[in-house]
Amino acid sequence: AQSVTQPDIHITVSEGASLELRCNYSYGATPYLFWYVQSPGQGLQLLLKYFSGDTLVQGIKGFEAEFKRSQSSFNLRKPSVHWSDAAEYFCAVGADNQGGKLIFGQGTELSVKP
Amino acid sequence: EAQVTQNPRYLITVTGKKLTVTCSQNMNHEYMSWYRQDPGLGLRQIYYSMNVEVTDKGDVPEGYKVSRKEKRNFPLILESPSPNQTSLYFCASSFRTGQGYTFGSGTRLTVV
């Protein structure tokens with residue numbers, strides 16, 4: 001069955017520290033992978049996406065993610081976290097042969113300590 | 001401004017009273033979708049549409065209906081709402097599968 005797992009429900013990092021949010025997927029087809037961010041009371045904003053080519057993708061707000069097919073992972077990273085990065089982060093996976101189907105993980109809530 | 005617009009933003013209703021949440025996009029996107037968001041469960045896809053008159057079930061379609069009579073509109077219909085449909089609902093649209101969805105601002109529905 002298709003699935004997306006975000007192992008960490010909640011992560012706390014200090015401002016200025018590096019960040020890595022984990023995402024693992026199980027998908028039969030070649031996946032399209034996405035990271036979204038949701039600030040409190042807001043909708044979802046697309047941070048970055050991967051569907052082919054270079055496995056290290058750059059996104060908005062200084063985020064990047066690396067697709068590792070052998071590990072079925074698509075982890076999100078940021079070298080230096082800002083207090084405004086506190087939000088919930090969702091990993092999602094789809095595929096070209098799946099039409100509009102897009103499956104989300106359960107989310108990781110990020111808190112930032114001053 | 002390119003956007004997905006859903007209405008209403010907040011809705012409180014009673015069990016069994018039919019309701020419709022509207023969704024419209026102005027980006028000429030082919031794909032549209034509805035999700036519900038519940039604490040600890042992330043976002044779960046209810047229905048999606050690949051084009052006019054083409055829809056398919058997502059992971060949690062029970063109790064919901066959709067229609068896609070025009071490219072820009074994709075309403076979500078609850079024929080007989082129940083308290084377990086209390087949730088935050090998001091409409092989304094996309095030009096193609098690999099682009100990712102653009103989300104609306106959400107509709108918070110409470111069924112009492």
Side-chain angles (χ1 to χ4, degrees), chain A residues 1-10 21 23-25 27 29-53 57 59-60 63 65 67 74 87-109, chain B residues 2-7 9-10 23 25 27 29-61 66 68 71 74 87-108:
Chain A
Q2 302 155 349
S3 66
V4 179
T5 302
Q6 295 179 243
D8 304 305
I9 295 173
H10 190 200
L21 302 182
C23 173
N24 295 97
Y25 67 90
Y27 221 77
T30 300
Y32 296 152
L33 294 156
F34 307 88
W35 276 98
Y36 285 85
V37 60
Q38 184 181 33
S39 297
Q42 303 295 313
L44 285 90
Q45 181 181 24
L46 180 64
L47 281 176
L48 48 77
K49 60 191 176 190
Y50 168 82
F51 54 89
S52 68
V57 293
I60 62 172
F63 285 93
F67 171 55
F74 189 58
E88 190 153 23
Y89 292 80
F90 292 95
C91 180
V93 61
D96 201 30
N97 64 353
Q98 295 291 308
K101 191 172 181 66
L102 186 67
I103 298 172
F104 280 77
Q106 294 175 313
T108 297
E109 185 177 355
Chain B
Q3 60 185 356
V4 178
T5 303
Q6 38 180 128
N7 284 295
R9 290 292 309 275
Y10 301 91
C23 175
Q25 51 95 2
M27 296 168 280
H29 283 170
E30 302 288 329
Y31 296 89
M32 296 188 75
S33 183
W34 278 102
Y35 286 85
R36 62 177 289 174
Q37 184 179 19
D38 302 287
L41 297 178
L43 285 94
R44 294 180 291 168
Q45 197 168 28
I46 303 171
Y47 271 96
Y48 56 94
S49 168
M50 289 77 78
N51 211 327
V52 174
E53 304 290 5
V54 181
T55 62
D56 206 348
K57 296 177 181 178
D59 294 319
V60 288
V66 292
R68 187 98 181 268
K71 195 172 187 180
F74 191 46
S87 187
L88 179 58
Y89 291 87
F90 287 101
C91 181
S93 72
S94 175
F95 179 65
R96 60 183 178 89
T97 306
Q99 187 182 50
Y101 279 114
T102 298
F103 282 81
S105 298
T107 295
R108 186 166 293 283

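Only heavy atoms go into these numbers, but all of them, side chains included; no hydrogens, no water, no symmetry mates. Here is how names work: the chains are called A, B, and so on, in the same order as the sequence lines, proteins then strands, and each is numbered from 1.
Of the listed residues (A:Gly105, A:Gly100, A:Gly43, A:Ser52), the one with the most heavy-atom contacts under 4.5 Å to chain B is A:Gly100. Chosen from A:Gln42, A:Gln45, A:Gln106, the residue pairing most often with chain B at heavy-atom distances under 4.5 Å is A:Gln106.
Taking the six-membered ring wherever Trp is involved, the centroid distance between the rings of A:Tyr27 and A:Tyr32 does not fall below 6.0 Å.
When heavy atoms are compared at a cutoff of 4.5 Å, A:Ala92 does not approach chain B at all. The parts of A:Lys101 that come within reach of chain B are both its backbone and its side chain, each placing non-hydrogen atoms under 4.5 angstrom from that chain. Within the 4.5 angstrom heavy-atom criterion, only side-chain atoms of B:Tyr35, from C-beta onward, approach chain A. With a 4.5 Å cut-off on non-hydrogen atoms, A:Tyr50 does not touch chain B at all. The contact between A:Leu46 and chain B is made entirely by side chain atoms (from C-beta outward), counting heavy-atom distances below 4.5 Å. Of the two parts of A:Phe104, the backbone and the side chain both hold a non-hydrogen atom closer than 4.5 Å to a non-hydrogen atom of chain B. Using a 4.5 Å cut-off between heavy atoms, A:Glu109 makes no contact with chain B at all.
At a cut-off of 3.5 Å, with distance as the only test, a side-chain donor of B:Ser33 or B:Gln45 sits close to an acceptor on the other residue. Side-chain contact annotation: A:Thr5 with A:Asn24, donor-acceptor N/O pair under 3.5 Å absent.
A side chain to side chain contact (heavy atoms under 4.5 Å, CB included) with B:Ser93 is found for one member of B:Gln3, B:Gln99, B:Met32 and no other, namely B:Met32.
A cation-pi contact, defined as under 6.0 Å to the ring centre and within 45° of the axis, links B:Arg96 to A:Phe51.
For B:Glu30, the side chain to side chain donor-acceptor pair (under 3.5 Å) partners two or more places apart in sequence, or in a different chain, are B:Asn51, B:Lys71.
Judged purely by atom type and a 3.5 angstrom limit, A:Gln6 has no side-chain atom pairing as donor or acceptor with the backbone of A:Asp8.
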